Amino acid sequence: MNARNNILNKLRAGLSGATPRPDDFDERLVTEPWQYAPEDRIGRLRSLMEAVHTEVHTVGSKDWPKTVAGILSRRNLNNLLYAPETDHGKQLGEHWQATEPTIELVAYDRPVEEWKDTLFWGVDASITGTVGGIAATGSLVLWPDRHEPRLMSLLPPLHIALLRASQVEDNLYTMMQRHNWSSGLPTNALLISGPSKTADIEQVLAYGAHGPKELVVLVIEDE
Amino acid sequence: MSQRIPVTELTGDFRQRAKEALGDDQLRTNFRNAMDSLMTKRADAFPDEEEREGLRELGNRIKARALSRLPDLLEQLETRLTENGVHVHWAETVEEANRIVHGIIERRQGRRVVKGKSMVSEEMEMNDYLAGRGIESLESDMGEYIVQLDNEKPSHIIMPAIHKNRRQVSRLFHDHLGEPETDDVNELIRIGRRALRRKFMEADVGVSGVNFAIAETGTLLLVENEGNGRMSTTAPPVHIAVTGIEKVVQNLRDVVPLLSLLTRSALGQPITTYVNLISGPRKPEELDGPEEVHLVLLDNGRTGAFADAQMRQTLNCIRCGACMNHCPVYTRVGGHTYGEVYPGPIGKIITPHMVGLHKVPDHPSASSLCGACGEVCPVKIPIPELLQRLRQENVKSPEEEPGVKDGGAKYSRSERLIWRLWQQLNSRPGIYRLFLWGATRFRKLTPKKAGPWTDNHTAPVPARRSLHDLAKDHLARQGGQ
């Protein structure tokens, strides 16, 4: 605790006689340049995400599981990590039961420690929901939880994310305001704006540095 | 790699290393290409000058506000984080910080540490410290990994391996990992991915830095493109974040403009692939994430800079690297020439507070004061002004009580005497006229050698007649017409 007191005391000594600066945050600077007509938001998000190697499809709220099956079979993948307890997980499970594709559905239903090897090396793809999107930067917002844990959007080489068109906000500031982030964040919140990438060698862009090599966004149009 | 990693020893001083770097064509090409491209990308990311300047001003105000309440915000951050289940530690020195980190690892009987990118851990030389105690500490950012494999230090804070080209990386992977040589960058990245994925899986502890620590919510925000930061903070059972005390901001909304300034200034990207907001360890019902999260707050000279209202501005820095990308000196000599953790313009103004001017006496003057660094700084640190201040501190006599650690490193009595005489000469007309009279008449006696100047230039010789003299004549002629 000595270090703590020493640091704080030195800082307080440095501030003696000074008054704290007022909070004059001008929100217009972070909102006005980044406003879009509702019908343009998806277009903006799509073009930014496509520019960083992301595949974006518009899908219906009923038939998207078919699109998922198609994406996987086109790539000859064997399995898909999913969250069986979520609404979209249930919908996916029903579709799988009805159509019986050869692709195995793998549920993330136990602590990572119990099956680390499989999660790190044996999963081809994953599908997760999102809490929304951000048009200004082309970003998805994920709040991992018990049902859709953090590693789901990180370990598999292909990550498929479901995004409701109505949940795309103009910019990060409006996203924070709309969902009142400052009054409570989950243990981990994420903005994801493309597949994992690096330009550390000669500034040559390479995808799939450590996380997914591919990101597919399914935009669900509301009915 | 569990044995002690010998770090390449830096030899000589700044001048000598600069001379060597300037003669290295490969290095100069690598840097020139990289800096040109980074400058273009930044310019393209800020197409609207008004928007850019508004945002820079806001960024500056947010940091100034945070610094004006720094002790309170640090306490608030500690309270919120503790409520969220994060352990907060304080360290005045890098030695203390290393002891804390080592203690946490020991308690978990950890042997393998995997690290996301953290400049503060470079300050601490954490890899060496842990390796010396039998703990493998592996960098997982591709660039940092490459640099570590070659026993080097990063040469750029955002692009650590920018001094190397693909052939050099391929050779390194071949020698250390037994991989066949390749010219394909994608293949090189695949090799790195495979090697590091196993490390992420096996690691006992993950270490990361912090880009912004948010006092309001008790949140650590990290940005990255690769996913190694998320791996390091999510996969191992323990996550230790290390950061400088200046990284705290007051409110969550404050990070909106700072984030935009950071990624656009650093890489020209509207946002990085991942923005990772960590507010606590795994909850009992959750299936992954670290069981323990620790934050180590490091001083290491920052309170010294803070004590001086002018030098306090160095703590605005959000570590984007734009100042080095735009620096004509950095571009030509590269990051290693500076011999310290933080190179380039920002390194020149923050390093003295950490290690003292005695260790970096040439840093303040290794600048043309062209002003590019100050112009591009996203939080408006007046870098050229601070460099001039450091130049003054650098030559202060002990009686003048230098305001920076080891100030007066370049103080010389003879230099001071010469300047004092020069001052007298120029402020007394009588003596000045006498000097002019002598200088113009005995000009042939000017020494042919004038220190380093005459290594590359001919020695200056006073003119036959002084300007004063010529002007007098000229005016007399005009008067006579």
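It should be emphasised that the depicted structure is a prediction, and the values quoted were computed from it without experimental measurement. Protein chains get the first letters and strands the later ones, always in sequence-line order, with residue 1 at the start of each. The figures here come from the full heavy-atom set of this structure, side chains too, leaving out hydrogens, waters and symmetry mates.
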Determine whether [X] and [Y] make a side-chain contact, defined as any pair of heavy atoms from C-beta on separated by less than 4.5 Å.
{"X": "I271(B)", "Y": "L48(A)", "answer": "no"}
{"X": "T187(A)", "Y": "R282(B)", "answer": "no"}
{"X": "I7(A)", "Y": "L297(B)", "answer": "no"}

Per-residue contact mode, [X] against chain A (heavy atom under 4.5 angstrom):
{"X": "E226(B)", "result": "both"}
{"X": "Q168(B)", "result": "neither"}
{"X": "A91(B)", "result": "backbone"}
{"X": "E92(B)", "result": "both"}
{"X": "L267(B)", "result": "neither"}
{"X": "V86(B)", "result": "neither"}
{"X": "T263(B)", "result": "neither"}
{"X": "E291(B)", "result": "side chain"}
{"X": "N228(B)", "result": "both"}
{"X": "I278(B)", "result": "both"}
{"X": "R264(B)", "result": "side chain"}
{"X": "D308(B)", "result": "neither"}
{"X": "R302(B)", "result": "neither"}
{"X": "A235(B)", "result": "both"}

Interface residue of largest heavy-atom contact number with chain A, from [options], under 4.5 Å:
{"options": "D72(B), L67(B), N33(B), T93(B)", "answer": "D72(B)"}
{"options": "V293(B), N186(B), N165(B), T219(B)", "answer": "N165(B)"}
{"options": "S260(B), A307(B), P270(B), P257(B)", "answer": "P257(B)"}
{"options": "K283(B), R312(B), M231(B), E51(B)", "answer": "M231(B)"}
{"options": "I162(B), L196(B), I146(B)", "answer": "L196(B)"}
{"options": "R194(B), Q250(B), R61(B), H163(B)", "answer": "R61(B)"}

Under 4.5 Å from any heavy atom of chain B, what part of [X] do you find: side chain, backbone, both or neither?
{"X": "T198(A)", "result": "both"}
{"X": "P186(A)", "result": "backbone"}
{"X": "V52(A)", "result": "neither"}
{"X": "W34(A)", "result": "side chain"}

Only pairs of heavy atoms separated by less than 4.5 Å count here; which of [options] has the most with chain B?
{"options": "A199(A), S196(A), G211(A)", "answer": "S196(A)"}
{"options": "D145(A), I192(A), L154(A)", "answer": "L154(A)"}
{"options": "P33(A), P144(A), A206(A)", "answer": "A206(A)"}
{"options": "L205(A), L8(A), L140(A)", "answer": "L8(A)"}

Presence of salt bridge, R4(A) and E75(B), under 4.0 angstrom: yes
field: Carboxylate-amine/guanidinium contact E285(B) R146(A), below 4.0 Å
entry: no
- request: For the residue pair S153(A) and R230(B), confirm or rule out a side-chain donor-acceptor distance under 3.5 Å.
  value: yes
Just to be sure I understand the criterion: a residue of [range] counts if one of its heavy atoms is under 4.5 Å from a heavy atom of chain B. Which ones qualify?
{"range": "residues 118-138 of chain A", "result": "F120(A), W121(A), T137(A)"}
{"range": "residues 103-113 of chain A", "result": "Y108(A), D109(A), R110(A), P111(A), V112(A), E113(A)"}
{"range": "residues 9-26 of chain A", "result": "K10(A), L11(A), R12(A), G14(A), L15(A), T19(A), P20(A), R21(A), P22(A), D23(A), D24(A), F25(A), D26(A)"}
{"range": "residues 161-175 of chain A", "result": "L172(A), Y173(A)"}

Might you point out which heavy atoms bring [X] and [Y] nearest each other, and give the distance in Å?
{"X": "S37(B)", "Y": "Q203(A)", "answer": "OG-OE1, 2.5 Å"}
{"X": "G208(A)", "Y": "I189(B)", "answer": "O-CG2, 4.4 Å"}
{"X": "P290(B)", "Y": "R150(A)", "answer": "CD-NH1, 3.8 Å"}

R28(A) CZ: over 12 foreign heavy atoms closer than 6.0 Å: no
message: Walk me through whether I214(B) and L185(A) qualify under side chain to side chain contact (heavy atoms under 4.5 Å, CB included).
response: CA-CA 11 Å; I214(B) 301 145; L185(A) 281 165; 6.0 Å; no
Could you tell me whether the side chain of [X] and the main chain of [Y] form a donor-acceptor pair under 3.5 Å?
{"X": "D288(B)", "Y": "L151(A)", "result": "yes"}
{"X": "N188(A)", "Y": "L277(B)", "result": "yes"}
{"X": "T273(B)", "Y": "S193(A)", "result": "no"}
{"X": "E202(A)", "Y": "R166(B)", "result": "yes"}

Check against side chain to side chain contact (heavy atoms under 4.5 Å, CB included), M142(B) and H210(A): CA-CA 9 Å; M142(B) 286 292 177; H210(A) 295 291; 3.7 Å; yes
Roughly how far apart are [X] [atom1] and [Y] [atom2], rounded to 0.5 Å?
{"X": "S183(A)", "Y": "L252(B)", "atom1": "OG", "atom2": "CG", "result": "10.0 Å"}
{"X": "E50(B)", "Y": "L29(A)", "atom1": "CD", "atom2": "CG", "result": "9.5 Å"}
{"X": "D200(A)", "Y": "K164(B)", "atom1": "CG", "atom2": "NZ", "result": "13.0 Å"}

